[in-house]
Structures are given as structure tokens and as C-alpha cells.
Amino acid sequence: QVQLMEFGGGSVQAGGRLNLSCVAFGDGAGSNCMGWFRQVPGKEREGIAHIYKGTGVTDYDASVKDRFTISRDMAKNMLYLQMNDLKPDDSAMYFCAASGDGRACFYPPQDVMYQFWGQGTQVTVFS
């Protein structure tokens, strides 16, 4: 079992930046792949980035590539998402997720491949 808690959301003007953090508690084997997802009310949850525990290899959705950076500190059980050049379309509830199956990192981020989820943190970008 893995428990996740996100923090760092907030409101920012377009073009600004925010850094999200996620702390993981529990069995480290449950987080072989960790990712960030976001969801807007009325829309499906969207995978935006993930990072593989074994190699640190990352993958991004095209909508955030070159603006967002995912990273992790395994010694501290932390996952991060640095978000630069934020746009109003980035406004959403952001979720941290973990999968015990590292293969979740072999494909574009898909929520069905993650077993553990945080409660989410809201990001609002205003123009």
C-alpha cells in the first residue's frame, strides 16, 4: 500500500510558475512508476507526466512538454512537478499517482495503470 499527499497548488497569473510536491508513505515497491495527472470538472482525467523508478526516465504529454518537469527524490519519498509558463488551460485539479507495476511507465500516462492516488491539489491560472 502507498499513500500519497500532494501540496503546492494555488493561483498564478498566466506565464507564471508553480511547483507541486507529493509525499509517498508506505511500501516503496508500490511506486515503481509515479506520475502526475490532472482533471477539469466534466472531463476525463489526463495523464501529463511520469517517471520510472528504475532509470529515472520520464515521459510527458505533448500539452506540457518543454514547460513542465517531473522529478523525484527517492531518499525523501518525494515526487515533484515544476510547472513553468503556465496557461489558463493548465487550470485543473492535479493528482499524484503511483503504480507498483513499472510497465505503467512504458506507455503514455494512463490512469487505469495506477493503483494509488492522492487527494489532489488545485491549480488555477488566470489571464
Side-chain angles (χ1 to χ4, degrees):
Q1 286 288 334
V2 177
Q3 292 181 312
L4 305 169
M5 183 170 67
E6 309 92 339
F7 48 97
S11 295
V12 65
Q13 192 169 19
R17 61 177 62 180
L18 280 174
N19 293 322
L20 303 184
S21 299
C22 171
V23 59
F25 302 97
D27 182 5
S31 57
N32 288 322
C33 179
M34 294 194 74
W36 288 98
F37 290 74
R38 65 186 181 187
Q39 188 171 26
V40 175
K43 293 190 176 181
E44 293 186 355
R45 192 157 45 190
E46 172 189 24
I48 56 174
H50 62 206
I51 184 166
Y52 182 49
K53 179 180 181 179
T55 61
V57 171
T58 59
D59 191 22
Y60 298 90
D61 183 78
S63 64
V64 305
K65 190 167 181 154
D66 298 329
R67 297 189 298 123
F68 291 10
T69 302
I70 187 172
S71 62
R72 67 186 296 179
D73 184 333
M74 289 192 286
K76 296 180 179 179
N77 293 323
M78 295 292 296
L79 181 72
Y80 305 101
L81 185 68
Q82 180 180 338
M83 305 186 293
N84 297 324
D85 189 23
L86 283 160
K87 306 176 187 303
D89 283 348
D90 294 319
S91 297
M93 185 71 77
Y94 282 70
F95 298 90
C96 169
S99 174
D101 188 346
R103 291 175 295 180
C105 274
F106 294 176
Y107 308 96
Q110 301 174 46
D111 59 0
V112 294
M113 300 193 73
Y114 291 78
Q115 299 83 43
F116 308 106
W117 294 85
Q119 294 297 310
T121 185
Q122 179 67 38
V123 171
T124 302
V125 184
F126 55 92
S127 56

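Just so you know, these numbers come straight off a predicted model, no measurement behind them. When a residue number appears, it is its place in the shown sequence, counting from 1.
Contact check for Val23 versus Leu4: no side-chain heavy atoms found under the 4.5 Å cut-off. Taking 4.5 Å as the limit, every side-chain heavy atom of Pro109 sits out of range of all side-chain heavy atoms of Trp36. Counting only heavy atoms from C-beta outward, the side chains of Lys53 and Cys33 never approach each other to under 4.5 Å. Taking 4.5 Å as the limit, every side-chain heavy atom of Met83 sits out of range of all side-chain heavy atoms of Asp90. The shortest side-chain heavy-atom distance between Phe116 and Gln3 does not fall under the 4.5 Å cut-off. Using a 4.5 Å cut-off on side-chain heavy atoms (C-beta onward), Asn19 and Leu81 make no contact. Annotation: side chain of Thr121 is not in contact with side chain of Met5 (no heavy-atom distance under 4.5 Å). Considering only heavy atoms from C-beta on, Tyr80 stays 4.5 Å or farther from Thr69 through its side chain.
Listed here is the closest heavy atom pair of Val123 and Leu18: CG1-CD1, 3.8 Å. What you find for Ser127 and Ala14 is that their closest heavy atoms are CA-CB, 4.3 Å. Smallest separation of non-hydrogen atoms from Asn32 and Gly100: ND2-O, 2.7 Å. Nearest approach of Gln39 to Glu44, heavy atoms of both residues: NE2-C, 4.0 Å.
Residue Asp59 holds its CG atom at 8.5 Å from SG of Cys105, rounded to the nearest 0.5 Å. Interatomic distance, Ile48 CD1 to Lys65 NZ, rounded to the nearest 0.5 Å: 14.0 Å. Distance check, rounded to the nearest 0.5 Å: CE of Met93 to CD of Glu6 gives 9.0 Å. Between Met34 atom CE and Ser71 atom OG the span is 11.0 Å, to the nearest 0.5 Å. Expressed to the nearest 0.5 Å, how far SG of Cys22 lies from CH2 of Trp117 amounts to 11.0 Å. Between the SG atom of Cys96 and the CZ atom of Phe7 there is a distance of 10.0 Å, given to the nearest 0.5 Å.
Two different hydrophobic clusters hold Phe25 and Leu79 under the rule that ILVMFWY side chains link at heavy-atom gaps under 4.5 Å. Linking Ile, Leu, Val, Met, Phe, Trp and Tyr residues whenever their side-chain heavy atoms come within less than 4.5 Å leaves Phe37 and Leu86 in two separate clusters.
Listed for the Asp73 side chain is a donor-acceptor partner under 3.5 Å among the backbone atoms of Lys76.
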Item to check | Steps toward side-chain contact (heavy atoms from CB on, under 4.5 Å) verdict (Arg38, Ser63) | outcome: CA-CA 12 Å; Arg38 65 186 181 187; Ser63 64; 3.4 Å; yes

Next on the checklist: Phe68 vs Asn84, test: side-chain contact (heavy atoms from CB on, under 4.5 Å). Steps then yes/no.
Outcome noted: CA-CA 6 Å; Phe68 291 10; Asn84 297 324; 5.9 Å; no

Checklist entry - Tyr60 and Asp66: side-chain contact (heavy atoms from CB on, under 4.5 Å), yes or no, with the steps? => result CA-CA 9 Å; Tyr60 298 90; Asp66 298 329; over 6 Å; no

Checklist entry - side-chain contact (heavy atoms from CB on, under 4.5 Å) between Met113 and Tyr107: does it pass, once the steps are laid out? => result CA-CA 10 Å; Met113 300 193 73; Tyr107 308 96; 4.1 Å; yes

Next on the checklist: Quick one, His50 with Tyr114, criterion side-chain hydrogen bond (donor to acceptor under 3.5 Å, both in side chains). Give me CA distance, side-chain angles, the key distance, then yes/no.
Outcome noted: CA-CA 11 Å; His50 62 206; Tyr114 291 78; 3.3 Å; yes

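The pair Arg103-Asp101 meets the salt-bridge criterion, with a side-chain N (NZ, NE, NH1 or NH2) lying under 4.0 Å from an Asp/Glu carboxylate O. With respect to the salt-bridge test (charged N to carboxylate O, under 4.0 angstrom), the residues Asp85 and Arg67 do not qualify.
A cation-pi arrangement is present between Arg45 and Phe95, with the terminal nitrogen or guanidinium carbon under 6.0 Å from the aromatic centre and inside a 45° cone about the axis.
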